Amino acid sequence: MSSLWNDAEAAAYAGDLAQRVYTSRLLGRDPALVLHGGGNTSVKLTEPDLLGRPEEILYIKGSGWDLATIEAAGFAPVRRRALLDLATLPALSDKAMANAMRCAMTDAAAPSPSVEAILHAVLPHKFVDHTHADAIIALTNTPDGREHVRRVYGDSVVIIPYVMPGFKLARLCAEIYPQAAHAGTVGMVLLNHGIFSFGADARESYERMIELVQRAEAHLADRGAWQIAVPEVTVSNKALRAERAALRKAVSAAAGTPLIMAAHTNAQALSFVQRAAVSKIAQQGPATPDHVIRTKRLPLIGRDVAAYVQAYVEYFDAHKQRADAPLTMLDPAPRIILDPELGLITLGKTAKDAAIAEDIYRHTIDIILGAEALGGYQALPAADLFDMEYWELEQAKLKAPTKAPVFTGEIALVTGAASGIGKACAEVLLKRGAAVIGLDINPTITTLFPRRDFLGLMCDVTDETAIQQALEAGAQAFGGLDMLVLNAGIFPPSAKIQALQLDYWQRVMRINLDANVVLLREAHPLLKLAPNGGRVVIVGSKNVPAPGPGAAAYSASKAAMNQLARVAALEWGADGIRVNTVHPNAVFDTGLWTEAVLQARAANYGLSVEQYKTNNVLQVEVTSLDVAELIAELCGPAFSRTTGAQVPIDGGNDRVI
Ligand code: ZN
């Protein structure tokens with residue numbers, strides 16, 4: 001750990017609040033200090049109220065903001081006097097505290113203040129920084145945590161025993177800090193939670209944080225408990241996609257909703273899950289209580305989801321009386337699974353949630369191993385973690401659930417996804433909440449959508465091995481497959497039957513038909529394990545019901561594909577898999593149709609380009625997006641009772657109607 005302070009960078013942030021923004025971002029840049037919304041910072045400023053009277057305002061990180069990307073607008077301005085008054089109350093519910101803090105803001109449109117606002121107000125220093133630094137957590141999650149802290153810092157920090165963050169913690173600090181602090185106090189360590197530093201300016205407070213954490217890291221390193229070398233591991237090359245999909249189905253059933261399941265098999269992850277002691281050291285609890293929301297208290301070790309669920313229900317029943325109001329049990333599905341073969345598995349309703357759980361658990365592994373080397377990892381008792389998992393404000397979120405997009409937690413694979421209808425499908429499915437695996441022979445697919453819920457793979461769909469590898473990679477990234485969109489295909493140059501070359505014919509069949517036979521065959525075991533039932537949509541063609549001269553190979557390939565889809569609908573109905581086909585026509589916003597080609601074709605019929613594009617019964621243009629929306633709709637609930645259907649999307653064609 002080292003200071004990231006840079007004079008030239010800092011100069012661009014004029015004024016105390018801007019300096020607060022700058023050093024908050026510096027803290028946020030280091031995941032060994034704060035992760036995903038963890039940590040908080042503040043500055044105390046004196047400003048005139050509406051009548052010109054000076055008033056002390058605490059600018060505290062607003063909830064929903066991340067330190068790494070915070071802006072001035074991310075700080076909630078709260079009257080310090082009101083917060084100090086709250087700190088004198090013997091008790092205060094979370095709900096009442098949140099309301100009182102909002103009412104004490106000088107800007108009604110600002111975000112809600114962090115739950116640690118009262119604590120920040122109580123501390124006398126102008127700048128206050130708080131992190132959940134890995135090194136501090138490793139140090140204090142041990143049987144001799146307090147002694148280690150004393151050995152590292154002497155009496156330069158105030159030590160606070162663990163209590164639930166929020167009002168109770170603020171109250172305890174208000175009691176202990178003024179008595180324990182002295183002129184040499186530079187920080188405050190919260191056992192099993194994190195660390196505070198303070199200063200007269202942003203730089204002093206930030207650099208004290210870095211220095212304090214450095215000292216903890218050095219203490220750990222001296223005892224062989226920091227940056228422990230990762231042993232070599234062997235990664236099996238066995239196909240695991242069906243096993244992954246089966247596990248995802250079981251966990252999704254426990255969650256009551258499909259989940260994204262990401263598997264990590266790098267050396268750090270695999271060596272941890274394959275440790276002999278994993279069932280002991282990974283069953284103590286999370287590194288810091290706020291992780292419980294993302295990771296649950298314990299990971300599942302192995303694949304016995306039913307046993308995990310039973311243990312979770314018992315844990316809930318054992319502690320539910322702790323709350324004043326009746327509690328709603330959260331879903332009992334694990335969010336972290338440690339399996340010696342499948343790797344470190346992280347789950348969430350979205351790929352982003354699964355990635356956040358991964359980041360947290362990777363740091364947890366380092367903390368567990370550090371604490372183990374220091375004398376034994378010891379997390380908080382279950383009761384304390386339960387209080388965090390079931391605290392009032394989290395329960396409130398359950399009562400007002402936000403409506404998730406329709407395909408949240410589901411996974412779609414789209415072939416030919418780099419352009420045209422395939423690209424539009426990927427966009428529409430992402431927008432509706434699905435994670436998308438996009439295949440294309442064009443290498444641009446790998447960087448098409450730089451986001452966590454898209455996996456772009458360069459793949460020649462006529463290569464059986466490449467298809468198997470793509471499904472394997474998709475199952476590793478997201479856990480399985482719910483929707484398959486067979487879109488890749490070619491429209492070859494016109495050729496009359498009397499001039500047909502066999503290799504031309506076979507090439508069209510290989511891409512438009514054979515590749516899809518293999519894709520269907522290989523995808524079936526995964527689609528069968530889709531939590532909400534598998535769905536297949538085939539991009540057919542108007543040429544199926546109304547073929548055109550010169551397109552023998554194309555029309556025959558699409559007609560054969562159509563028949564294949566109908567048989568798949570018959571064979572797979574009992575597996576809960578729906579198979580439907582769309583028949584688009586005259587979709588001109590694809591790579592195939594350049595302006596020059598369009599003009600030539602239109603002229604051929606004596607039409608303008610505009611007339612040519614809308615040459616159908618409804619006289620409308622059909623775009624890739626229109627086709628993609630229909631495909632997504634066919635995968636959705638409106639068509640949950642439909643299989644084996646063929647839906648034209650062509651503006652109405654007089655040869656089809
Ligand atoms: Zn904290």
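Counting convention: from 1, in listed order, for ligands and their atoms alike. Not measured: the values here are computed from a predicted model.
Scanning for side chain to side chain donor-acceptor pair (under 3.5 Å) contacts around Arg20 gives Thr23, Ser24, Asp129, with sequence neighbours left out. Residues passing the salt bridge (Lys or Arg N to Asp or Glu O under 4.0 Å) test with Arg451 are Asp453, sequence neighbours excluded.
Excluding waters, the count of protein N/O/S atoms less than 2.8 Å from the Zn ion (ligand 1) comes to 3.
Between His132 and His130, the two ring planes are perpendicular [angle over 60°; tilted spans 30° to 60°]. The aromatic rings of Phe198 and His125 sit parallel to each other, their planes meeting at less than 30°, with 60° as the upper class boundary.
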Under 3.5 Å donor-acceptor pairs involving side-chain atoms of residues 163-179, not counting sequence neighbours:
{"from": "Arg171", "atom 1": "NE", "to": "Leu89", "atom 2": "O", "distance (Å)": "2.7"}

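Both tests hold for Lys296 against Tyr312: distance to the six-membered ring centre under 6.0 Å, angle to the ring axis within 45°.
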